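The block underneath contains the structure these notes are about, expressed in structure tokens.
Every value quoted in this text rests on a predicted model; they were computed, and no experiment measured them.
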Amino acid sequence: MDLGQTARLKPVLAAVKAMIAEEIAPLDDEFLSQVDIGDRWQFTPRQAEILEGLKAKARERGLWNFWDTFRDGPSLNTVEYAYLAEEMGKSHLAAEVFNCNAPDTGNMEVFARYGTDAMKTRWLKPLMAGEIRSAYLMTEPDVASSDATNIAMSCVRDGDDYVLNGQKWWATGAGDPRCAVHIVMVRTSDDAPKHQRHSMIVVPADTPGIVKLRAMEVYGHDDAPHGHMHFRYDNVRVPADHLLLGEGRGFEIAQGRLGPGRIHHCMRAIGQAEKALALMCERSVSRAAFGKPLAELGENYDLIATARMEIEQARLLCLKAAWMMDQGDKRAAAPWISQIKVVAPAVALKITDMAVQMFGAAGVSQDTPLARQWTHLRTLRLADGPDAVHRRQVARAELARYTAGQKIS
């Protein structure tokens, strides 16, 4: 099991690190400061200039679409990409600059693996060029969507169309004015076996009947202009050929989509943990109280040591999950992905909270990235499945070794 940095990766990683440190991260604060100028859900000219300028540089340098580890991307595997994702976690803008931002990476993978030629031309090509954005609509307000078999948005065949009715919320990225397409998990049967009742369908974002109810807030913040939107679909008619693969194959597509995406999220969380630890250490040696540097007060040595050790452990677990994905057996990789989905956000959140404490009141303010990072990481413990669901999957896989031939519910 080789989890190290390959010769192929090293020059790419060096280029990504340098661009983030020298060109992208220094513009994060300016980009975010523009959100409150004019319409929060439109990019200001300066925001567009920053983002598109950086994307153009990344494309010119070949630092683009690293997520595409299975098709015609830069031929990196999942372990190699994981190192890049960690670096992207250190900057607000970095993932999009390299066209590796969620939810677009997962949606591009869906189009690449399961889409028709027409879908690839209409949606995948401009997504891979960074010209449009997309959203993934799965979670619903009226059911416990942590058990995706509860998903209830109605999708009924009517002639050459499907008609969709229901609500979706936490549609990440759907507030972006460039969001042009939704991939939607729907219920197409009430009678089929439990995991064959759902399907996925591609819905252009400007289809009549899509009502944007509100932007969901995370601890009081709406994450404009990206956003997490709450929609109602009122008799939304979609051509039948927009259904992916066929009726009843929604879970098959969802599992194909979510596995790599969870690894990407977790490795970006490791990057955020590293950023928090760096800020904590810088603060601890540059600030004094009671006649001593903060590093020498209380249990701060122990906290810093614990943070370093837990980051290293979490990174290795993420890299093993990535390696398991590269072996090609998604079923075997699944318990490992569930493990990192619990561990990585929790570790990053814990270390971010330590850094907040080291900064005192400044840590919860807009003067450091820590408060925004904390809210993101706390949300990540729910996104793509809450901790309890993933622990359940890990336990089931563990117990299966002791209950051969018995069904584990």
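Across every non-hydrogen atom of Val356 and Gly363, the tightest pair is CG2-O, 3.7 Å. Closest of all the heavy-atom pairs between Cys100 and Thr105 is C-CG2, 3.3 Å. Considering every non-hydrogen atom in both Asn300 and Ala295, the closest pair reads CB-O, 3.6 Å. Of all heavy-atom pairs between Ser199 and Gly248, the closest is OG-N, 2.9 Å. Residue Leu54 comes nearest to Leu93 through the heavy atom pair CD1-CD1, 4.4 Å, listed as atom of the first residue, atom of the second, then distance. Pairing each heavy atom of Val394 with each of Pro335, the nearest pair is CG2-O, 3.8 Å.
Heavy atoms from other residues, nucleotides or ligands lying under 6.0 Å from CG of Asp147 number more than 12. Counting non-hydrogen atoms of other residues, nucleotides and ligands closer than 6.0 Å to CG of Asp329 gives a total above 12. Heavy atoms from other residues, nucleotides or ligands lying under 6.0 Å from CD of Gln357 number 12 at most. Enclosure of atom CZ in Arg287 is not indicated, since only 12 or fewer non-hydrogen atoms of other residues, nucleotides or ligands lie within 6.0 angstrom. Around the NZ atom of Lys350, the shell of radius 6.0 Å holds no more than 12 heavy atoms that belong to other residues, nucleotides or ligands.
Residues Pro293 and Val285 form no side-chain contact, since every pair of their non-hydrogen atoms from C-beta on lies 4.5 Å or further apart. Two residues are said to be in side-chain contact when any heavy atoms from C-beta on lie closer than 4.5 Å; Val186 and Met200 fail this criterion. Here the side chains of Leu27 and Glu30 are in contact, with some heavy-atom distance below 4.5 Å. With contacts defined as side-chain heavy-atom distances shorter than 4.5 Å, the pair Arg381/Pro386 does not qualify. Looking at heavy atoms from C-beta onward, His242 lies out of side-chain contact with Tyr162 at the 4.5 angstrom threshold. Using a 4.5 Å cut-off on side-chain heavy atoms (C-beta onward), Gln47 and Val35 make contact. Residues Arg308 and Ile311 have side chains in contact (heavy-atom distance under 4.5 Å, counting atoms from C-beta outward). Using a 4.5 Å heavy-atom cutoff, the side chains of Phe359 and Leu370 are in contact.
In this structure a side-chain-to-backbone donor-acceptor pair under 3.5 Å is present from Lys275 to Lys90. The main-chain N or O of Ser338 is never found under 3.5 Å from a side-chain atom of Arg262 such that the two would form a donor-acceptor pair. A donor-acceptor pair under 3.5 Å is absent between the side-chain atoms of Asp160 and the main chain of Ala240, judged by distance alone. At distances below 3.5 Å, not a single donor-acceptor pair connects side-chain atoms of Arg157 with backbone N or O atoms of Val163. A distance-only check finds a donor-acceptor pair linking the side chain of Thr207 to the backbone of Pro204 [under 3.5 Å]. Checked by atom type and distance alone, the side chain of Gln313 pairs as donor or acceptor with a backbone atom of Met309 at under 3.5 Å. Ser145 places a side-chain N or O within 3.5 Å of a backbone atom of Glu140 that can act as its donor or acceptor partner. A distance-only check finds a donor-acceptor pair linking the side chain of Glu80 to the backbone of Asn77 [under 3.5 Å].
Look at Lys125 and Glu131 and you find no salt bridge, because none of the NZ, NE, NH1 or NH2 atoms lies under 4.0 Å from a carboxylate O. A salt bridge does not link Asp191 with Arg197: every distance from a Lys NZ or Arg NE/NH1/NH2 to an Asp or Glu carboxylate oxygen is 4.0 Å or more. Comment: Arg315 does not engage Glu310 in a salt bridge, judged by the lack of any side-chain N to carboxylate O separation of less than 4.0 angstrom. Salt bridge annotation for Arg178-Asp176: present, with a cationic side-chain nitrogen under 4.0 angstrom from a carboxylate oxygen. Ionic pairing of Arg133 and Asp104 is present here: one or more N-O contacts between side-chain nitrogen and carboxylate oxygen are shorter than 4.0 angstrom. Remark: Lys55 does not engage Glu23 in a salt bridge, criterion side-chain N to carboxylate O under 4.0 Å.
The only member of Val110, Leu244, Leu124 that meets side-chain contact (heavy atoms from CB on, under 4.5 Å) when paired with Met119 is Leu244.
In this structure, a donor-acceptor pair under 3.5 Å is absent between the side chains of Asn165 and Ser154. Judged by distance alone, the side chains of Thr352 and Gln272 never bring a donor and an acceptor atom under 3.5 Å apart. Arg268 and His265 form a side-chain donor-acceptor contact under 3.5 Å, judged by distance and modelled atom types alone.
Expressed to the nearest 0.5 Å, how far CD of Glu86 lies from SG of Cys266 amounts to 12.0 Å. Note that the CZ atom of Phe43 and the NE2 atom of His226 stand 9.0 Å from one another [nearest 0.5 Å]. In this structure, CD1 in Ile263 is found 13.0 Å from NZ in Lys320, a value given to the nearest 0.5 Å. Atom CG of Leu32 sits about 4.5 Å away from atom NE2 of His92, to the nearest 0.5 Å. For the atom pair Asn65 CG and Tyr81 OH, the distance stands at 9.5 Å (nearest 0.5 Å). From Thr172, atom OG1 reaches atom CG of Asp223 across 8.0 Å, with rounding to the nearest 0.5 Å.
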Could you go through the side chain to side chain contact (heavy atoms under 4.5 Å, CB included) check for Leu137 and Phe231 one step at a time?
CA-CA 9 Å; Leu137 279 60; Phe231 288 110; 3.9 Å; yes
Would Trp123 and Ile132 count as a side chain to side chain contact (heavy atoms under 4.5 Å, CB included) here? Give the steps.
CA-CA 8 Å; Trp123 305 119; Ile132 63 171; 4.0 Å; yes
Apply the test side chain to side chain contact (heavy atoms under 4.5 Å, CB included) to residues Lys168 and Thr139: give CA-CA distance (whole Å), side-chain angles for both, the deciding distance (0.1 Å), then the verdict.
CA-CA 6 Å; Lys168 296 285 185 181; Thr139 309; over 6 Å; no
Mind running side chain to side chain contact (heavy atoms under 4.5 Å, CB included) on Lys57 and Met19 for me, showing each step along the way?
CA-CA 9 Å; Lys57 290 180 181 179; Met19 187 171 181; 3.8 Å; yes
For Asp222 and Arg40: C-alpha separation, side-chain torsions, deciding distance, then whether salt bridge (Lys or Arg N to Asp or Glu O under 4.0 Å) applies.
CA-CA 9 Å; Asp222 60 12; Arg40 294 174 59 77; 2.5 Å; yes
For a ring-ring contact (aromatic ring centres under 6.0 Å, His included) check, start with the C-alpha distance between His182 and Tyr136, then their side-chain angles and the critical distance, and finish with the verdict.
CA-CA 6 Å; His182 302 167; Tyr136 182 64; over 10 Å; no
side-chain hydrogen bond (donor to acceptor under 3.5 Å, both in side chains) assessment of Gln167 paired with His230:
CA-CA 7 Å; Gln167 293 188 29; His230 182 181; 2.7 Å; yes
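Taking the ring centroids of Trp374 and Tyr219, they lie under the 6.0 Å cut-off. Taking the ring centroids of His198 and Phe251, they lie under the 6.0 Å cut-off.
The ring-ring contact (aromatic ring centres under 6.0 Å, His included) test applied to His221 returns no partner, not counting sequence neighbours.
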